[in-house]
Enquirer: 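This structure is in structure tokens; I'll ask about it shortly.
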Amino acid sequence: MGLATRVEADARAEAKLFSGFVRLHVLYHASRSPIFGWGMIEELRRHGYRLSPGTLYPLLQGLEQAGFLRSERKFAHGRFRRLYRATTAGRRALRRARRQIRELFGELFDERP
Ligand SMILES: [Zn+2]
């Protein structure tokens with residue numbers, strides 16, 4: 001495997017490993033206020049995740065199909081945007097995930113009493 005291919009393969013494997021974090025991150029923000037694709041791409045970049053629209057949009061659609069997000073098209077600033085909000089099921093899943101994350105966090109950082 002050439003270096004470029006290896007780097008790409010590593011990046012893909014990592015993206016797969018972190019995809020749950022990204023989904024939870026999206027769900028978290030969508031539970032606070034409506035989100036749209038580009039805004040979320042920028043927010044995720046701020047946290048060190050580089051997602052292309054070709055990755056984020058299917059992810060958003062998947063979360064919507066799973067019943068965790070609901071979207072609507074809104075006209076604003078001269079264009080249509082699809083806005084996503086967390087559903088009740090999405091908020092419930094987020095609460096469960098929070099417990100699991102706290103548990104994992106404790107183990108990773110060895111902060112158990
Ligand atoms: Zn964030």
Side-chain angles (χ1 to χ4, degrees):
M1 212 192 289
L3 180 61
T5 324
R6 163 85 38 93
V7 169
E8 271 171 40
D10 286 351
R12 271 200 304 278
E14 240 183 51
K16 211 169 173 180
L17 186 62
F18 293 163
S19 70
F21 294 162
V22 171
R23 285 185 173 78
L24 289 171
H25 207 116
V26 165
L27 197 52
Y28 166 72
H29 282 288
S31 76
R32 310 282 300 193
S33 56
I35 58 165
F36 63 97
W38 270 110
M40 204 57 224
I41 284 175
E42 282 167 19
E43 166 65 18
L44 288 164
R45 182 166 299 160
R46 217 167 57 75
H47 290 286
Y49 301 105
R50 295 193 158 273
L51 269 81
S52 65
T55 305
L56 184 72
Y57 283 100
L59 191 151
L60 289 170
Q61 282 160 20
L63 287 171
E64 187 167 19
Q65 274 160 21
F68 295 146
L69 296 179
R70 190 183 308 116
S71 76
E72 58 177 330
R73 267 159 60 86
K74 273 266 170 75
F75 191 78
H77 307 291
R79 49 167 300 200
F80 278 104
R81 270 178 175 168
R82 187 162 287 280
L83 288 174
Y84 294 83
R85 295 165 211 269
T87 61
T88 306
R91 289 168 203 280
R92 203 182 305 127
L94 189 61
R95 279 198 299 277
R96 276 200 297 274
R98 195 174 280 145
R99 285 199 293 274
Q100 296 300 111
I101 289 166
R102 189 171 286 141
E103 170 105 16
L104 175 64
F105 187 94
E107 191 155 81
L108 288 174
F109 295 95
D110 200 24
E111 289 182 354
R112 274 180 288 186

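In what follows, every heavy atom counts, from backbone to side chain, and hydrogens, waters and symmetry copies are set aside. These figures come from a predicted structure and were not determined experimentally. Indexing begins at 1, ligand by ligand and atom by atom, following the structure's order.
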Enquirer: Distance below 2.8 Å from the Zn ion (ligand 1): how many protein N/O/S atoms qualify?
Expert: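 With waters ignored, the protein N/O/S count below 2.8 Å is 4.
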
Enquirer: Parallel, tilted or perpendicular for His47 and His29, by the 30°/60° rule?
Expert: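 Correct class here is tilted.
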
Enquirer: Sequence neighbours left out, what passes side-chain hydrogen bond (donor to acceptor under 3.5 Å, both in side chains) with Ser33? Give chain and number order.
Expert: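 side-chain hydrogen bond (donor to acceptor under 3.5 Å, both in side chains) list for Ser33, sorted by chain: empty.
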
Enquirer: Are the side chain of Arg23 and the backbone N or O of Leu63 linked by a donor-acceptor pair below 3.5 Å?
Expert: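 Judged by distance alone, no pair lies under 3.5 Å.
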
Enquirer: Identify, with sequence neighbours excluded, every residue that meets side-chain contact (heavy atoms from CB on, under 4.5 Å) alongside Glu8.
Expert: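 Counting only residues at least two positions away or on another chain, Glu8 forms a side-chain contact (heavy atoms from CB on, under 4.5 Å) with Arg12.
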
Enquirer: To check you understand the geometry: which heavy-atom pair defines the closest contact between Phe36 and Arg82, and what is its length?
Expert: CB-O, 3.5 Å

Enquirer: Identify, with sequence neighbours excluded, every residue that meets side-chain contact (heavy atoms from CB on, under 4.5 Å) alongside Arg32.
Expert: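 In terms of side-chain contact (heavy atoms from CB on, under 4.5 Å), with neighbours along the sequence ignored, Arg32 is linked to Tyr28.
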
